[in-house]
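Only one structure is covered here, and it is reproduced in the block below.
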Amino acid sequence: MKNIGILGAMAQEIDEVKALLTEKTIVKIANREFVVGKIGHVRCVVAFSKWGKVAATITATLLIQEFGVTDLFFIGTSGALADGLKVGDIVISKRLVQHDLDARPMITRFELPLLNRIYVNSDPALTELAGKAVSNLLERGVEKMVGAEAVKEFNLAPTLYFGDIASGDQFINSDEKRQEILGLLPEVLCVEMEGAAVAQVCLEFNVPFTVIRTISDTADHNARVDFGKFIVEVANAYSRAIIGEITRLL
Ligand code: ADE
């Protein structure tokens with residue numbers, strides 16, 4: 001039987017997802033709260049990953065080792081790197097890469113030590129399922145997810161993308177840094193702080209995963225200002241709706 005792990009990068013966002021659970025039990029380990037229960041008919045364990053690669057690695061490992069999750073979805077926000085992506089768009093991972101990993105000259109830049117690869121692929125079936133869930137929601141209309149006021153305020157007209165996501169222990173908020181990452185990893189669509197770490201955990205434990213990221217900012221000088229507001233008014237509702245739809249389709 002499936003036992004789905006759901007990790008979220010922001011406490012508020014994941015609180016909205018926790019609210020979907022029934023038959024809840026709360027387990028606390030290592031300053032983390034894991035909520036075990038059901039969303040619809042699906043057994044789930046939901047947790048706030050905490051921020052950054054190390055924190056997310058701990059949380060993902062606990063989800064797998066302590067709770068035996070069979071599949072893992074990571075949901076959160078990210079900064080757009082690729083031109084054309086805008087606030088409110090949704091990116092689902094095909095591959096994850098750590099943009100701040102550099103063990104040269106021993107190995108190639110970005111290569112995962114002892115794993116012989118730069119990228120970790122997300123699971124094709126989970127990626128397709130998440131894509132179907134997001135497409136269903138977008139077909140019904142974004143105002144159904146967030147309300148007409150937020151649509152107007154953030155000028156939301158979301159597009160769904162599938163592609164590469166880069167993670168690092170930095171909040172990217174300068175055009176210089178954004179261009180630097182893009183110059184080195186031109187296929188990357190967006191940047192965040194946890195996905196590639198969770199991907200590495202899942203690779204080593206052989207657990208299928210995918211990452212779903214809503215664009216909250218453009219990773220440039222506007223990033224910090226936009227971010228907080230977007231979480232409260234949009235990202236929470238997106239997470240709740242997307243996880244709700246994924247579990248409905250499972
Ligand atoms: N998460 C959301 N926006 C981000 C950014 N600009 N950099 C890193 N992580 C993010």
Side-chain angles (χ1 to χ4, degrees), residues 5 7-9 29-32 47-66 69 71-83 85 91-127 161-213 215 217-220 223-224:
L7 284 179
I29 310 172
N31 294 318
R32 284 154 172 79
F48 167 34
S49 63
K50 299 198 167 179
W51 293 358
K53 293 191 297 178
V54 176
T57 298
I58 295 170
T59 319
T61 304
L62 287 169
L63 261 188
I64 294 169
Q65 196 70 5
E66 295 285 323
V69 300
D71 306 79
L72 201 155
F73 291 92
F74 192 105
I75 191 149
T77 54
S78 64
L81 280 197
D83 289 335
L85 261 73
V91 177
I92 302 179
S93 62
K94 279 193 167 164
R95 303 187 300 177
L96 285 299
V97 54
Q98 294 182 36
H99 68 74
D100 57 354
L101 181 56
D102 189 355
R104 288 175 299 171
M106 269 91 73
I107 50 178
T108 322
R109 189 163 189 180
F110 310 120
E111 187 176 324
L112 295 168
L114 311 178
L115 289 173
N116 266 326
R117 71 187 76 207
I118 289 176
Y119 295 96
V120 179
N121 293 332
S122 54
D123 179 72
L126 294 190
T127 301
Y161 295 89
F162 295 89
D164 292 354
I165 298 179
S167 314
D169 285 317
Q170 286 168 335
F171 188 86
I172 307 300
N173 62 353
S174 79
D175 204 45
E176 202 184 351
K177 187 70 198 173
R178 180 178 162 265
Q179 293 298 349
E180 185 191 319
I181 299 173
L182 209 45
L184 292 164
L185 296 163
E187 289 179 74
V188 165
L189 297 181
C190 63
V191 68
E192 36 85 312
M193 299 177 64
E194 298 84 15
V198 172
Q200 187 175 345
V201 172
C202 289
L203 172 74
E204 301 231 37
F205 280 97
N206 202 20
V207 169
F209 77 94
T210 199
V211 178
I212 306 150
R213 291 283 186 173
I215 302 298
D217 55 79
T218 41
D220 53 15
R224 204 158 63 92

message = Quick one, Val188 and His99 - any side-chain contact, counting heavy atoms below 4.5 Å?
response = no
task: Please examine the side chains of Leu96 and Phe209, heavy atoms only from C-beta on, and report whether any two atoms are closer than 4.5 Å.
output: yes
Rounding to 0.5 Å, atoms CZ (Arg109) and CG (Asp102) come to a distance of 5.0 Å
When you compare the side chain of Asp164 with that of Leu185, does any pair of heavy atoms fall below 4.5 Å? no
All heavy atoms of Leu85 vs all of Leu189, minimum pair found to be CD2-O, 3.7 Å
(Q) For the backbone of Gly76 and the side chain of Arg213, can you confirm whether one donor and one acceptor N or O come within less than 3.5 Å of each other? (A) no
Heavy-atom nearest pair, Ile107 first then Pro113, reads CD1-CA, 3.8 Å
Side chain to side chain contact (heavy atoms under 4.5 Å, CB included) with Val201: of Ile64, Leu63, Leu62, only one passes, and it is Ile64
Item to complete: List the steps and the verdict of side-chain contact (heavy atoms from CB on, under 4.5 Å) for Gln98 and Gln200.
Response: CA-CA 10 Å; Gln98 294 182 36; Gln200 187 175 345; 3.0 Å; yes
(request) Test side-chain contact (heavy atoms from CB on, under 4.5 Å) on Glu111 and Asn116 and set out the steps. (result) CA-CA 7 Å; Glu111 187 176 324; Asn116 266 326; 3.8 Å; yes
TODO: Keeping the roles fixed (side chain from Arg32, backbone from Ala55), state whether a donor-acceptor pair exists under 3.5 Å.
DONE: yes
Practice problem: Evaluate the side-chain proximity of Leu72 to Phe205: yes if any heavy-atom separation is below 4.5 Å, no if none is. | Solution: no
Output, in order, the C-alpha distance, side-chain angles, deciding distance and verdict of side-chain contact (heavy atoms from CB on, under 4.5 Å) for Asp71 and Leu126. CA-CA 8 Å; Asp71 306 79; Leu126 294 190; 3.8 Å; yes
dist Ile212:CD1 -> Ser78:OG (nearest 0.5 Å) comes out at 11.5 Å
Rounded to the nearest 0.5 angstrom, the CG-OH distance for Leu203 and Tyr119 is 15.5 Å
Between Ala80 and Ile215, the two heavy atoms sitting closest are CB-CG2, 3.7 Å
Are any side-chain N or O atoms of Lys50 and backbone N or O atoms of Asn31, one a donor and one an acceptor, separated by less than 3.5 Å? yes
Q.
When you compare the side chains of Ser49 and Thr59, does any donor N or O come within less than 3.5 Å of an acceptor on the partner?
A. no
To the nearest 0.5 Å, atom CD of Gln179 lies from atom CG of Asp220 at 9.5 Å
Rounded to the nearest 0.5 Å, the CG atom of Leu182 sits from the CD1 atom of Ile172 at a distance of 11.5 Å
Here the pair of heavy atoms bringing Ala9 nearest to Phe48 is O-CE1, 3.2 Å
task = Ignoring hydrogens and angles, tell me if any N or O in the side chain of Ser122 forms a donor-acceptor pair with the backbone of Lys94 under 3.5 Å.
result = yes
#### Entry: Donor on one side chain, acceptor on other, Glu194 and Ser167, under 3.5 Å
no
Here the pair of heavy atoms bringing Asp100 nearest to Gly168 is OD2-CA, 3.3 Å
**Asked** Any side-chain heavy atom of Glu192 within less than 4.5 Å of one from Ile165?
**Response** yes
d(Ile118 CD1, Arg95 CZ) to nearest 0.5 Å is 9.0 Å
For this session: Test side-chain contact (heavy atoms from CB on, under 4.5 Å) on Leu115 and Glu204 and set out the steps.
Result: CA-CA 9 Å; Leu115 289 173; Glu204 301 231 37; 3.5 Å; yes
